[in-house]
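Have a look at the structure below before the remarks.
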Amino acid sequence: QVQLVESGGGLVQAGGSLRLSCAASGRTFSSYAMGWFRQAPGKEREFVAAINWSGGSTYYADSVKGRFTIGRANAKNTVYLRMNSLKPEDTAVYYCAASSGSSWYISARRYDYWGQGTQVTVSS
């Protein structure tokens, strides 16, 4: 069982930056691939970024590539999402998720555990 708690969301102006954190419980965090997803009002949940168990492989949605960076600190049981050059269309609830698979995954169905989400609002 893995419990995930996101933090770091908030209100920021367009062009600004935020760093989201996701703290995980459990001793086996380093064996999980991790992902970030987001859901805007009235829209489906969408993939944002993912990282494999070691941090050596990452993948990004085209909409955030070059602006967002995912990273992890296995010693701290934490995964991060650094978001730069934020746009109003990045406004959403951001969720972190853990997958028992070792690689990164785009599909939400590959993830076994989810956090409660943190709100990110980007004003124009």
Quick one: side chains of residues 5-17, donor-acceptor pairs under 3.5 Å with protein atoms, not counting sequence neighbours, listed by atom name and distance.
{"unit_1": "E6", "atom_1": "OE1", "unit_2": "Q116", "atom_2": "N", "d": "3.0"}
{"unit_1": "E6", "atom_1": "OE1", "unit_2": "Q116", "atom_2": "NE2", "d": "3.4"}
{"unit_1": "E6", "atom_1": "OE1", "unit_2": "G117", "atom_2": "N", "d": "2.9"}
{"unit_1": "E6", "atom_1": "OE2", "unit_2": "C96", "atom_2": "N", "d": "2.9"}
{"unit_1": "E6", "atom_1": "OE2", "unit_2": "G117", "atom_2": "N", "d": "3.2"}
{"unit_1": "S17", "atom_1": "OG", "unit_2": "N84", "atom_2": "OD1", "d": "2.9"}

Interatomic spacing from SG in C22 to OH in Y95 - rounded to 0.5 Å: 13.0 Å

Side-chain donor/acceptor of S25 to backbone N/O of V2, under 3.5 Å: no

Where at least one partner belongs to residues 64-74, residue pairs that pass side-chain hydrogen bond (donor to acceptor under 3.5 Å, both in side chains), sequence neighbours excluded: D62-K65, R67-D90, R72-N74

Heavy-atom side-chain proximity of R38 to S63 below 4.5 angstrom: yes

Shared hydrophobic cluster, I106 / Y113 (ILVMFWY, side-chain heavy atoms < 4.5 Å): no

Output field: ring centroids Y59/Y105 closer than 6.0 Å: no

Nearest heavy atoms of Y80 and A73, plus distance in Å: CE1-CB, 4.0 Å

Partners meeting side chain to side chain contact (heavy atoms under 4.5 Å, CB included) with V120 (sequence neighbours left out): L18, L20, M83, Y94, V122

Main-chain N/O of K76 paired to T78 side chain as donor or acceptor, under 3.5 Å: yes

W114 with M34, same ILVMFWY side-chain cluster at under 4.5 Å: no

Contact check, side chains of T118 and V93, non-hydrogen atoms, under 4.5 Å: no

Residues, nucleotides or ligands: over 12 heavy atoms within 6.0 Å of Q3 CD: no

Chi angles and distances behind the side-chain hydrogen bond (donor to acceptor under 3.5 Å, both in side chains) call for W53, S30: CA-CA 6 Å; W53 69 275; S30 60; over 6 Å; no

F37 ring center near F47 ring center (under 6.0 Å): yes

Side-chain donor or acceptor of N52 paired with backbone N/O of A33 under 3.5 Å: no

N/O donor-acceptor pair under 3.5 Å between Y60 side chain and I70 backbone: yes

Aromatic F68 / basic R82 pairing, under 6.0 angstrom, 45° off normal: no

Gap between atom OG of S100 and atom OH of Y32 - 0.5 Å precision: 6.5 Å

Euclidean distance, Q119 CD relative to T121 OG1, rounded to 0.5 Å: 4.0 Å

Heavy-atom side-chain proximity of I51 to W36 below 4.5 angstrom: no

